[in-house]
Amino acid sequence: MANQPSHGITKQAQVVVVMVPFPAQGHLNQLLHLSRLILSYNIPVHYVGATTHNLQAKKRVHGWDPDAAANIHFLDMEIPPFHCPPPNPSAKIKFPSHLQPAFNASSHLAAPVSKLLRALSCKARKVIVIHDSLMGSVIQEARLLPNVESYIFRSVSAFFVSLNAWGLEGKIAKDNEFFPRDIPSLEGCYTAEFSDFLASQFINNQKFNSGCVYNTCKLVEGAYMDFLEKQTAKEGIKHWALGPFNPVTIPERSKTKRFCLDWLDKHARNSVIYVSFGTTTTLDDEQIKELAKGLRESKQNFVWVLRDADEGDVFNGKGRRAEALPEGYEDSVDGTGLVVRDWAPQLEILAHPATGGFMSHCGWNSCMESITMGVPIAAWPMHSDQPRNTVLITEILKIGVVVKKWALGDEIVTSKIVESAVKRLMASTEGDEMRKRAEEMGESVRGSVAEGGVSRMEMESFIAHITC
Ligand SMILES: *[C@@H]1O[C@H](CO)[C@@H](O)[C@H](O)[C@H]1NC(C)=O
């Protein structure tokens, strides 16, 4: 096989791919999925990161045939230890600032990545670096090597990238064909420190860029992919919508045996709302109580993943906060509600026929998984690109309702608001229409990765481009 180390880079014909993910779960996961897709074209893939983050990516992958990951070369790099404070549930800005030391520490990958690129560049005909847009400072060596090309992976929606490219402040104040009038402000989306971090990565990105890849599908965001293509036509930068990166069906043998899936088996089609806010959200106790009450009062079935945000090193967890649920809560929802506290197989839950809605923070990884599995969203954005993804989901694609309006700021979301959003999505004609649209979109997105489908064609065009 072409991707075994002993034969990997012999002969002149070889192209190798080096993935440089950003060390946060939604990012690690997306590039791991993309690695699997590229590997299926018999192109060797090196996935580089700190030892702990590589392990995190591997341990949490789900939805694949386990053999598929075996041929990815994980290159575990030593970086100096970094501080791993717990998240702060009462921070006004929900951005996971406790991860900043881990983000900063990733700059130490620059030296080992340079060494790797130099070594590969001598052996391979062409080295293709695909790096997260937040890792621009790590791949600077690539510029100096003649047979290395670098592609930026944009981990967010094409809609979000388009908005940034367009420049919110001046130009979209008035109606136009692409963007709705009321775009949520970026205020409260990032910490000042992370904004500086972003800026420093993007300066590096601009210097050396052969193209951009997205975890999206033209059937979902075709208008924004066209928009981006036009924006950068002069510079000749190409954009590929290679998504969904996640598998579109769960192979039988990779299915996990989990209690929450058995629990779903006992419930009727589309009767359960799955509630999870990803790996970078920590709610405070009062908010947890309001959410708990709202879910119960909605009288809808739910599976709720109640976790704090990841720490910088997920294997170093100092334990979760004390129990914040109201006394006796789980007994009071027995049979209708299930609270899960550990890692949940999200893609499998979304693919389960009983799941008919997803209350989500609208991180892009979660949005793509939900879209793929045809599940409409109750959107409760927390930070980063999430408030704007909410606009895409609810106003443009019309496959979801808003739980929390971004303009509410750091006000608590009351149980009444939760209850009414859940009922609107799960038990109303309007909700049924959204579900129908989401199901139809899911079906076409799943079809897009099959032979002749639009995402398959994008992937083939990208593969042809990097191997020519
Ligand atoms: C991260 O790096 C920036 C820039 O060097 C520095 O100002 C900041 O204090 C660092 N933050 C942490 C939490 O290490």
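Values below: every heavy atom of this structure, side chains too, minus hydrogens, waters and symmetry copies. Indexing begins at 1, ligand by ligand and atom by atom, following the structure's order. Keep in mind that what you see is a predicted model, and the values were worked out from it rather than measured.
Salt bridge Arg388/Glu395: absent, no basic N to carboxylate O contact under 4.0 Å. A salt bridge links Glu419 to Lys416: one of the charged nitrogens lies within less than 4.0 Å of a carboxylate oxygen.
Closer than 4.0 Å to atom 7 (O) of ligand 1 lies none of the heavy atoms of the protein. Shown here, atom 3 (C) of ligand 1 is in close reach of the protein: a heavy atom of it lies under 4.0 Å off.
For Gln25 and Asp310, the side-chain atoms include no donor-acceptor pair closer than 3.5 Å.
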Pair Tyr214-Trp240, ring-ring contact (aromatic ring centres under 6.0 Å, His included): steps then yes or no
CA-CA 6 Å; Tyr214 299 77; Trp240 287 272; 9.6 Å; no
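Among protein heavy atoms, atom 9 (O) of ligand 1 sits closest to Glu193 OE2, 3.6 Å. The protein heavy-atom contact nearest to atom 14 (O) of ligand 1 is Asn104 ND2, 3.1 Å.
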